[in-house]
Protein chains: 2
Amino acid sequence: MPPADHSYLTKKVISIGIVSELTGLSERQIRYYEERKLIFPDRTGKGTRKYSFTDVETLVHIANQMEEGVQTTELRRELKRQKSQEEVKRNMLRGQINAQFHKRH
Amino acid sequence: MPPADHSYLTKKVISIGIVSELTGLSERQIRYYEERKLIFPDRTGKGTRKYSFTDVETLVHIANQMEEGVQTTELRRELKRQKSQEEVKRNMLRGQINAQFHKRH
DNA sequence: CGTGTAAGGAATTCTGACACG
DNA sequence: CGTGTAAGGAATTCTGACACG
């Protein structure tokens with residue numbers, strides 16, 4: 001089920017130049033973090049990258065970690081851990097909903 | 001006192017092409033509504049227009065009104081009425097704050 | 001009045017590569 | 001590994017104007 005995305009936070013509408021201003025990162029850096037799979041912009045029909053405010057926040061976090069000397073590979077692992085954790089939560093929630101359902105039917 | 005603007009809703013970061021997609025309006029129309037003082041984008045250093053999500057919502061509202069046959073001059077008046085109303089509210093609030101202050105000092 | 005369009009120029013973004021370390 | 005930069009091209013945006021109605 002893809003996200004419905006009515007949120008101003010996750011809607012991808014910001015071009016890379018603005019993101020650069022917002023984060024203080026160079027466009028080169030922003031593109032590199034995408035290459036390292038830390039950030040996932042959308043693309044317009046002709047290939048221009050578009051970012052959300054959430055992406056901007058993620059980039060600020062990445063920038064802080066990089067200053068701490070953390071490598072992109074480490075950040076990538078961190079991200080994967082987070083994702084699998086979210087999956088665990090979703091599955092637990094689904095289990096509870098199913099239980100409720102069967103109790104009544 | 002200028003707005004502090006920590007809001008994702010009012011931060012002007014969206015370029016006109018994206019706004020056009022989001023609203024279904026042509027860039028020509030969007031620029032024209034600015035000329036008629038219905039919308040107030042920021043500009044980047046080199047003059048590119050930047051809009052907020054709130055601007056996008058305003059444009060959708062304008063588009064609906066235009067379909068109803070309302071003229072831009074009428075929408076402009078409506079906007080001015082709203083602004084003066086907000087001013088009234090601000091002044092009332094200030095009055096109450098002042099009253100509270102003098103009661104105690 | 002509201003909007004389309006062609007015009008010419010300026011600014012933006014993209015990719016792949018070379019460089020340094 | 002992470003980032004700067006020059007290169008060439010494509011897409012974006014800007015303004016002022018002419019057109020239609």
Side-chain angles (χ1 to χ4, degrees), chain A residues 11-80, chain B residues 11-80:
Chain A
K11 199 143 200 168
K12 300 194 183 239
V13 296
I14 316 177
S15 61
I16 197 167
I18 302 289
V19 172
S20 174
E21 282 182 25
L22 257 31
T23 60
L25 294 166
S26 69
E27 300 185 8
R28 181 69 169 95
Q29 289 174 307
I30 297 169
R31 293 194 192 101
Y32 180 66
Y33 300 149
E34 176 183 356
E35 191 184 317
R36 302 317 308 276
K37 306 199 175 181
L38 300 177
I39 194 86
F40 306 92
D42 274 0
R43 298 277 184 143
T44 62
K46 295 146 199 162
T48 307
R49 272 168 267 250
K50 294 298 159 190
Y51 303 83
S52 67
F53 278 112
T54 298
D55 290 333
V56 171
E57 287 178 3
T58 302
L59 282 168
V60 169
H61 175 247
I62 293 170
N64 290 148
Q65 294 295 292
M66 294 298 287
E67 274 185 30
E68 302 290 313
V70 182
Q71 289 195 325
T72 56
T73 319
E74 184 54 43
L75 293 174
R76 173 69 184 152
R77 278 194 221 106
E78 192 186 290
L79 190 61
K80 280 193 161 180
Chain B
K11 199 141 201 172
K12 303 198 182 232
V13 296
I14 316 179
S15 61
I16 196 167
I18 302 290
V19 172
S20 176
E21 282 181 25
L22 257 31
T23 60
L25 294 166
S26 69
E27 300 185 7
R28 180 69 169 97
Q29 289 174 307
I30 297 168
R31 292 195 192 101
Y32 180 66
Y33 299 148
E34 175 183 357
E35 190 183 319
R36 303 316 310 270
K37 306 200 176 181
L38 300 178
I39 195 85
F40 305 93
D42 273 1
R43 298 277 184 143
T44 62
K46 296 146 199 163
T48 307
R49 273 169 267 250
K50 294 297 159 192
Y51 303 83
S52 67
F53 279 112
T54 298
D55 290 334
V56 171
E57 286 178 4
T58 301
L59 282 168
V60 170
H61 174 246
I62 292 171
N64 291 147
Q65 294 295 293
M66 293 298 287
E67 274 186 30
E68 302 292 312
V70 182
Q71 289 195 325
T72 56
T73 320
E74 186 53 43
L75 292 175
R76 174 69 184 151
R77 279 193 221 106
E78 192 186 291
L79 190 61
K80 280 192 161 179

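In what follows, chains carry the letters A, B, and so on, assigned in the order in which the sequence lines appear, proteins first and then strands, with residues in each chain numbered from 1. Bear in mind that the values here come from a model prediction, so they are computed numbers and not experimental data.
Between the CD atom of A:Glu27 and the P atom of D:dG4 there is a distance of 11 Å, rounded to whole Å. When the C1' atom of D:dA10 is taken as reference, atom CZ of A:Arg49 falls 14 Å away, rounded to whole Å. Here the P atom of nucleotide C:dC18 and the CZ atom of A:Arg28 are 13 Å apart, to the nearest Å. For A:Asp42 and C:dT13, the CG to P distance is 16 Å, given to the nearest whole Å. Following rounding to the nearest Å, B:Glu34 (CD) and D:dG16 (P) show an atom-to-atom distance of 12 Å. With rounding to whole Å, A:Glu21 atom CD is found 12 Å from C:dT12 atom C1'. If you take CD1 of A:Ile39 and P of D:dG2, they are 16 Å apart, rounded to a whole angstrom. Between A:Arg36 atom CZ and D:dT3 atom P there is a gap of 11 Å when expressed in whole angstrom units.
Taking 4.5 Å as the limit, some side-chain heavy atom of B:Thr48 sits within range of a side-chain heavy atom of B:Lys50. B:Arg49 places none of its side-chain heavy atoms less than 4.5 Å from the side chain of B:Thr44.
Each of B:Val70 and A:Lys50 has a nearest nucleotide on DNA chain C; the 5'-most of these lies closest to B:Val70. Residue-to-nucleotide proximity on DNA chain D shows that, of B:Arg43 and A:Glu35, the 5′-proximal contact is made by A:Glu35.
No contact: B:Thr44 has no heavy atom under 4.0 Å from any strand. B:Thr72 comes within contact range of the sugar-phosphate backbone alone, with a heavy-atom separation under 4.0 Å but no base atom that close. Across all strands shown, A:Ser15 has heavy atoms under 4.0 Å from sugar-phosphate atoms exclusively, and none from any base.
Contact annotation: side chain of A:Arg31 to base of C:dT15, donor-acceptor pair absent below 3.5 Å.
Electrostatic pairing of A:Lys37 and A:Glu78 does not count as a salt bridge here, judged by no charged N lying under 4.0 Å from a carboxylate O. Ion pairing between B:Lys11 and A:Glu21 fails under the 4.0 Å rule for side-chain N and carboxylate O. Under the 4.0 Å criterion applied to side-chain N and carboxylate O atoms, B:Arg31 and B:Glu35 are not assigned as salt-bridge partners. A salt bridge links B:Lys12 and B:Asp55; the closest N-O separation between the charged side-chain nitrogens and carboxylate oxygens is under 4.0 Å.
The pairing partner recorded for D:dG16 is none, the criterion being a Watson-Crick or G-U wobble arrangement whose two distances lie under 3.5 angstrom.
Of all nucleotides listed (C:dT3, C:dC18, D:dG2), C:dT3 comes nearest to the side chain of B:Tyr32. Side chain of A:Gln29, nearest nucleotide from D:dT13, D:dT3, C:dG4: D:dT3. Taking every side-chain heavy atom of B:Ile16 into account, D:dC14 is the closest of C:dG4, D:dC14, D:dG2. For B:Met66, the listed nucleotide lying nearest its side chain is C:dT3; candidates were C:dT13, D:dG2, C:dT3. Comparing atom distances between the A:Thr48 side chain and each of C:dC14, D:dC14, C:dG4 picks out C:dC14 as nearest.
Listed pair A:Lys46 / C:dT13 fails the phosphate criterion, with no side-chain N or O lying under 4.0 Å from OP1 or OP2.
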